[in-house]
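To keep things clear, I will list the structure first and then write my remarks on it.
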Amino acid sequence: MIRWPEVRLCGPDATYPPRMPTSELTLQAVADWVRTANAVTVLTGAGISTDSGIPDFRGPQGLWTQNPAAARMFSIDTYIADRSVRVESWRARVGNPAFSARPNRSHQALVDLERGGRLHAIVTQNIDELHQRAGSAPSRVLELHGSIWRAVCLQCGRRRPMADVLDRVEQGDEDPMCTDCGGLLKSDTISFGQPLDRDVLRAAVAAAEQCEVFLALGTSLQVQPASRLCDVAQESGARLVVLNAEPTPYDDRADAVLRQPLAEALPAIVPA
């Protein structure tokens, strides 16, 4: 088992040379694996939500691809130290498409997988809560990076609905502070340099260890520790399936690599 004595979200600077997949199998082959599995664990990244109108980060139209400077808003040290970054972050949240997004066919396919009794857990890097809104049981969704629907005080730790804080921003409060202690507020999401919730990570590792098929969906697999769950799953005997539009560092070790659009491929591999 892989152990992480101190786990923090790694930055977006890591680069990997493109690799051609060494094992590309048909959708039918992967569908057979899923159909015969008793436990399927899924890791989802930003790519599963792009069909809902939420841009990803590293894709051709990704947030950081189009605007590399935007990455600074995702560093906890920069957020704390630079008021202008906080102001920019709050302004961006007001118009964030995640608040109006609706689940798409890929989210619904995972609901179908759960209803069929094969879904063990969804481990998500996303912060949009679209899995729960599609109908996935909240108890089966492990949010590695938190949720944009909540705000948290970095000083006292109190959480509150994000809508309450955004109301203040829209009324002219550019850098809202905690009304209880005066501390800095931010979205209840994990920024680069912040520690992950140990309980959530522990549950994610257990989900990877206990599955027979591990589906990595719409994720570049460049962010740790989420990407290392692929290693945990394979070391525990699971088949690893990567379904992503762009190459990932795990393509050459996956049991299957699929390049089809996620909203088309995922419903095809989930038993009806």
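Computed from a predicted model, the values in this text were never measured in an experiment.
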(message) Which residues pass the salt bridge (Lys or Arg N to Asp or Glu O under 4.0 Å) test with Glu174, not counting sequence neighbours?
(response) Arg83
(request) Could I get the full list of side chain to side chain donor-acceptor pair (under 3.5 Å) partners for Ser236, not counting sequence neighbours? (result) none
(message) I'd like to know if the side chain of Glu114 and the backbone of Ala137 have a donor-acceptor N/O pair within less than 3.5 Å.
(response) yes
(request) Not counting sequence neighbours, which residues clear side chain to side chain donor-acceptor pair (under 3.5 Å) with Arg91? List them please. (result) none
(request) Could you tell me whether the side chain of Asp175 and the main chain of Val87 form a donor-acceptor pair under 3.5 Å? (result) no
(message) Rounded to the nearest 0.5 Å, what separates atom CD in Gln234 from atom CZ in Arg239?
(response) 11.5 Å
(request) Measure the spacing between CG of Leu185 and CE of Met177 and express it to the nearest 0.5 Å. (result) 8.0 Å
(message) Going by the rule salt bridge (Lys or Arg N to Asp or Glu O under 4.0 Å), which residues pair with Arg93 if we only count those two or more places apart in sequence or in a different chain?
(response) none
(message) Once side-chain contact (heavy atoms from CB on, under 4.5 Å) is applied, do any residues pair with Gln125, and if so which ones, sequence neighbours excluded?
(response) Leu43, His145, Thr219, Val223, Ala226
(request) For Asp167, enumerate each residue passing the salt bridge (Lys or Arg N to Asp or Glu O under 4.0 Å) test, keeping only those at least two apart in sequence or located in another chain. (result) none
(message) Test: salt bridge (charged side-chain N to carboxylate O under 4.0 Å, His left out). Region: residues 27-48. Which pairs qualify, not counting sequence neighbours?
(response) Asp32-Arg35
(message) Is it the case that the side chain of Asn104 and the backbone of Ile48 share a donor-acceptor pair, with hydrogens and angles ignored and the cut-off at 3.5 Å?
(response) yes
(request) For residues 113-143, pull every pair meeting ring-ring contact (aromatic ring centres under 6.0 Å, His included), keeping only residues two or more places apart or in separate chains. (result) His107-His131
(message) Between Asn96 (side chain only) and Ala98 (backbone N and O only), is there a donor and an acceptor less than 3.5 Å apart?
(response) yes
(request) Measure the CD1-OG distance between Ile54 and Ser52 for me, rounded to the nearest 0.5 Å. (result) 6.0 Å
(message) According to side chain to side chain donor-acceptor pair (under 3.5 Å), who are the partners of Thr179, at least two apart in sequence or on a separate chain?
(response) Arg160
(request) Check whether any side-chain heavy atom of Tyr250 lies under 4.5 Å from a side-chain heavy atom of Asp231, and answer yes or no. (result) yes
(message) For Ala46, is there any backbone N or O sitting under 3.5 Å from a side-chain donor or acceptor partner on Ser49?
(response) no
(message) Do Leu243 and Val30 make a side-chain contact, defined as non-hydrogen atoms from C-beta onward lying under 4.5 Å apart?
(response) no
(message) Run the side chain to side chain donor-acceptor pair (under 3.5 Å) test against Arg140 and tell me which residues pass, sequence neighbours left out.
(response) none
(request) Kindly check if the number of other-residue, nucleotide or ligand heavy atoms within 6.0 Å of CZ (Arg102) is above 12? (result) no
(request) Output the distance between atom CZ (Arg253) and atom OG1 (Thr248), rounded to the nearest 0.5 Å. (result) 8.5 Å
(message) Any donor-acceptor pair under 3.5 Å linking the side-chain atoms of Glu143 with those of Gln132?
(response) yes
(request) Under the salt bridge (Lys or Arg N to Asp or Glu O under 4.0 Å) rule, collect the residues that match up with Arg158, sequence neighbours excluded. (result) Asp180
(request) Starting at OG of Ser106, measure out to CG of Leu266 and round the result to the nearest 0.5 Å. (result) 5.0 Å
(request) Among residues two or more places apart or on two chains, list those pairs meeting salt bridge (charged side-chain N to carboxylate O under 4.0 Å, His left out) that have a residue in residues 181-192. (result) Arg150-Asp188, Arg159-Asp188
